[in-house]
Amino acid sequence: MTYAPAAEVAAFTAIVTDHDSPSPKDRPAPASHAAQPPARRQRGPVAADRLRVIWLGRRRIPGVRAGLELRLEGMVTVRDGLPTMFNPRYEILSRQEEQ
């Protein structure tokens, strides 16, 4: 999680990891591109198990901490090779017990 300093525009950023996704070595190899029409724009590889979430105009999100399970809903775009969701709706599903 990243907290923006008071001198910067308010934004709260978190990287969410999908622990249920297959590891890179277990993912199927990409299909041949020979049968597909040429892409209009080439993009680099996209991380499949991570999602950057950015809440604009917020310095913190109540209840959102490292180690909890979230359900997110919103539009996804790719920024710097990382799927990114801005201002998603969220639901806290579980919390990691503090020890």
Side-chain angles (χ1 to χ4, degrees):
M1 292 186 286
T2 303
Y3 298 91
E8 292 184 15
V9 175
F12 181 83
T13 302
I15 302 295
V16 180
T17 303
D18 182 1
H19 291 287
D20 293 333
S21 70
S23 66
K25 65 179 182 170
D26 296 333
R27 290 185 190 133
S32 171
H33 296 288
Q36 298 177 356
R40 291 172 35 190
R41 213 165 72 161
Q42 295 294 326
R43 293 184 181 178
V46 175
D49 61 344
R50 296 185 311 153
L51 173 70
R52 178 188 300 130
V53 182
I54 302 172
W55 283 275
L56 299 171
R58 309 279 302 267
R59 295 208 180 276
R60 61 187 284 285
I61 303 297
V64 174
R65 292 181 177 81
L68 62 83
E69 188 176 342
L70 290 173
R71 175 179 292 143
L72 299 166
E73 181 180 339
M75 298 292 292
V76 177
T77 186
V78 177
R79 299 287 172 131
D80 302 322
L82 194 61
T84 303
M85 190 179 286
F86 289 94
N87 297 329
R89 293 182 194 163
Y90 70 97
E91 177 183 354
I92 298 173
L93 300 176
S94 67
R95 298 179 192 278
Q96 189 175 42
E97 295 296 324
E98 293 186 30
Q99 299 179 9

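We're numbering straight along the sequence, starting at 1.
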*Hey, quick one: are W55 and F86 part of the same hydrophobic cluster, counting side-chain heavy atoms closer than 4.5 Å, chains of contacts allowed?*
no
*Shortest non-hydrogen contact from P88 to L72?*
CG-CD2, 4.1 Å
*Mind checking whether L56 and L51 sit in one hydrophobic cluster, side chains of I, L, V, M, F, W, Y counted as touching below 4.5 Å?*
no
*Reported CD1-to-OG1 distance for the pair I54 and T13, which is rounded to 0.5 angstrom*: 4.5 Å
*asked:* Please give me the minimum heavy-atom distance between M75 and M85, naming the atom from each residue.
replied: O-CG, 3.5 Å
_Shortest non-hydrogen contact from P83 toward V76_ = CB-CG1, 3.8 Å
*Hey, could you give me each pair passing side-chain hydrogen bond (donor to acceptor under 3.5 Å, both in side chains) that has a residue in residues 79-90? Not counting sequence neighbours.*
R52-T84
*Quick one: pull up CG in L70 and CD in E91 and give me the separation to the nearest 0.5 Å.*
9.5 Å
